[in-house]
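Below is one structure; the comments refer to it alone.
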Protein chains: 2
Amino acid sequence: MTPRAQPTTGKGAETRARILETSLRLFLERGYEGTTMRLIAKDAGVSVGNAYYYFKSKETLIQAFYRRTHEEHLVACVAVLEREKGFEDRLLGVMHAKLTTIEPYHRFSGILFKTAADPESPLNPFSEASLPTRRESTTLFAQVIEGTKLRVTKDLWAELPNLLWIYHMGVVLFWIHDRSEGRRRTTMLVERTVPLIAQVVRLGSLPLLRSMTRRATAFLAELREEAGLPEAGDGTQEAPLEDA
Amino acid sequence: MTPRAQPTTGKGAETRARILETSLRLFLERGYEGTTMRLIAKDAGVSVGNAYYYFKSKETLIQAFYRRTHEEHLVACVAVLEREKGFEDRLLGVMHAKLTTIEPYHRFSGILFKTAADPESPLNPFSEASLPTRRESTTLFAQVIEGTKLRVTKDLWAELPNLLWIYHMGVVLFWIHDRSEGRRRTTMLVERTVPLIAQVVRLGSLPLLRSMTRRATAFLAELREEAGLPEAGDGTQEAPLEDA
DNA sequence: GGCCCGAGATGAACACGTTCAAGTATTCGC
DNA sequence: GCGAATACTTGAACGTGTTCATCTCGGGCC
């Protein structure tokens, strides 16, 4: 019934890995649409049904890309956060690392985002299934501000990682639709908006704007609270641990 | 080859309309996945091939929903803009009208957004194909500010409709993922963010923040310019006028 | 060793969206 | 009115992702 995400035998794990690697190679060679499940199975030396024994669908195979980029990005950010010490530079470095990491997969951004946009999809950044990944991202942005001597009000400090995560999603959304060579426009977007964000954050703590900042952060907390109860209540605590 | 979006004969138009209405009814009754092209054809009293004579794909059929809501929203906004005179009230009214209009279709928001997210899709709000629709939306938001005595700098005034359109897209994105009953959370989001926007806009014209506002609007102009030349140059001026 | 049970593997079959060569009806120039 | 072009219509066939009853194999148990 449910695909075997974690094979029990060593042989099973090997087969699973072979299917995954074959599919990623074929996706790169022939694109998503150009790669059929039959071809993947044939090239991996298994039957079609066997591929479905390990992976729920063709989509879950391409989702492996997503995970891969996510992890690569986290790794790349370690060096960035080691090197940079100012808020603006850190954020800029993290965003640049993001763009560099995902660039090879721009070709698949369409299909990736297509599935990601579906509220039911585990790839969807807002869904519960992707909560672990999202938490990792938020933690990353928390690190971006933690290492700095940025002085902001407490409430904003608490909310900032989430806001930066949303900003980062917006950039990715822009990137997906960016048809310029080398994703020139997205790079420009980042280089212009990061300083702007830094400025807004600094200004947000001025007495003049304090009340507004407080209003905004209070609202965000309220919104989260509103979501918290019903969704934690009705949903069973299932965490299917979708494939890799 | 290309589907007949505008039939030449009256009979053709009738068939086309019958297919469209049947599909919308079935989508409502059985959902998108539960409605097959064979069923649509059978219920409409035509052959499968005939449906494809008028509509490029199953997706284009559901896109009719999108157009419909868009037009309904524009109509609903006439009354709102007639009634309200302040910027905040106008924006709030327009956004409320949006939520009310699209609510019946929340069930399809997943599949709709799924196709809308695809950079190739004509439904994609950023694509060239949907430029007319986007222009209509931007015009709507221009009307929102035109009727008011809002005092902002010239550059912000010019950019504001675009920014509001982006804001509105963000709200829709939130709405799609909103699982709360009656879309309570999205309503809350709008009611809280609209006043915030109004405040930011007002503050943006203060001397203290002028320079930042100018920087931001200049960047937006730059970004548009950057996009303008290459994309207008290489793309032929084709405007296929996809189905209704 | 014989047995069994479950993990692993098979490929035909299914359902679907889509295409296409071929048909029929309608319109238009003359 | 007639022929030809054009609009419209058909349903079988194709390719695809996915499912399922069935088979194979390997290791644990007596």
Side-chain angles (χ1 to χ4, degrees), chain A residues 1-20 22-23 26-27 30-64 108 111-112 114-115 118 120-121 123 242-243, chain B residues 1-20 22-23 26-27 30-64 108 111 114-115 118 120-123 242-243:
Chain A
M1 200 68 231
T2 48
R4 183 119 330 192
Q6 282 165 316
T8 49
T9 72
K11 191 185 164 205
E14 200 185 310
T15 307
R16 185 178 189 283
R18 201 165 63 247
I19 293 168
L20 185 58
T22 305
S23 68
L26 287 173
F27 285 150
R30 319 165 55 103
Y32 182 75
E33 315 277 312
T35 305
T36 69
M37 289 303 282
R38 283 163 182 79
L39 183 60
I40 292 173
K42 196 175 148 199
D43 268 34
V46 298
S47 65
V48 226
N50 200 210
Y52 281 92
Y53 181 73
Y54 291 105
F55 299 94
K56 191 164 61 86
S57 67
K58 190 181 175 185
E59 272 187 18
T60 62
L61 279 169
I62 200 139
Q63 286 172 18
F108 305 111
I111 176 67
L112 266 179
K114 210 167 158 168
T115 75
D118 186 351
E120 315 293 344
S121 163
L123 201 61
E242 214 62 35
D243 74 303
Chain B
M1 198 71 230
T2 48
R4 182 114 336 180
Q6 281 166 315
T8 49
T9 71
K11 190 184 165 204
E14 199 184 313
T15 306
R16 185 179 189 282
R18 202 166 61 246
I19 294 168
L20 185 59
T22 305
S23 68
L26 287 174
F27 285 150
R30 318 164 57 102
Y32 183 75
E33 316 276 313
T35 305
T36 69
M37 289 303 283
R38 283 165 180 79
L39 183 60
I40 292 172
K42 196 175 148 200
D43 267 34
V46 298
S47 65
V48 226
N50 201 3
Y52 281 93
Y53 181 73
Y54 291 106
F55 299 94
K56 192 164 59 91
S57 67
K58 191 182 175 185
E59 271 186 20
T60 61
L61 278 170
I62 201 142
Q63 286 172 17
F108 305 112
I111 176 65
K114 209 167 159 168
T115 74
D118 186 349
E120 314 293 343
S121 163
L123 201 61
E242 213 64 35
D243 76 303

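Protein chains get the first letters and strands the later ones, always in sequence-line order, with residue 1 at the start of each. What's counted below: heavy atoms across the whole structure, side chains too, no hydrogens, waters or symmetry copies.
Phosphate contact (OP1/OP2 of C:dG8, side-chain N/O of A:Asn50, threshold under 4.0 Å): absent. Taking only side-chain nitrogens and oxygens, B:Lys58 comes nearer than 4.0 Å to OP1 or OP2 of C:dG17. Residue A:Tyr52 has no polar side-chain atom (N or O) positioned under 4.0 Å from OP1 or OP2 of D:dT19. Checking the phosphate oxygens (OP1, OP2) of C:dA9, a side-chain nitrogen or oxygen of A:Thr15 falls inside 4.0 Å.
Side-chain N or O atoms of A:Thr35 include one that pairs as donor or acceptor with a backbone N or O of A:Leu26 at under 3.5 Å.
B:Tyr53 places its OH atom 17 Å from the P atom of C:dT24, with the value rounded to the nearest Å. The nearest whole Å value for the distance from the CD atom in B:Glu14 to the P atom in C:dA25 is 17 Å. Rounded to whole Å, the distance from CZ on B:Phe55 to C1' on C:dG17 is 16 Å. One atom, CG of A:Leu26, and another, C1' of D:dG17, lie 16 Å apart when rounded to the nearest Å. We find that CD of A:Glu59 is positioned 14 Å from C1' of D:dT16, with the value rounded to whole Å.
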Exercise for the section: Kindly determine whether B:Leu20 and B:Tyr54 satisfy side chain to side chain contact (heavy atoms under 4.5 Å, CB included), including the steps that lead there. Expected result: CA-CA 9 Å; B:Leu20 185 59; B:Tyr54 291 106; over 6 Å; no
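Heavy-atom distances under 4.0 Å link DNA chain D to B:Arg38, B:Val46, B:Ser47 of residues 33-48 of chain B, given in residue order.
Between A:Arg18 and A:Glu14 the shortest side-chain heavy-atom distance falls below 4.5 Å. Within the 4.5 Å cutoff, the side chain of B:Lys58 has heavy atoms near those of the B:Phe27 side chain. The shortest side-chain heavy-atom distance between B:Val46 and B:Thr22 does not fall under the 4.5 Å cut-off.
Comparing D:dT9, C:dA9, C:dT18 by their nearest atom to the side chain of A:Lys11 picks out C:dA9.
Shown here for A:Leu39 and A:Arg30, the closest heavy-atom pair between the two residues is CD2-NE, 3.4 Å. Closest approach of A:Asn50 to A:Thr15, counting heavy atoms only: OD1-CG2, 3.5 Å.
Across all strands, A:Gly12 comes closer than 4.0 Å only to sugar-phosphate atoms, never to a base (heavy-atom distances).
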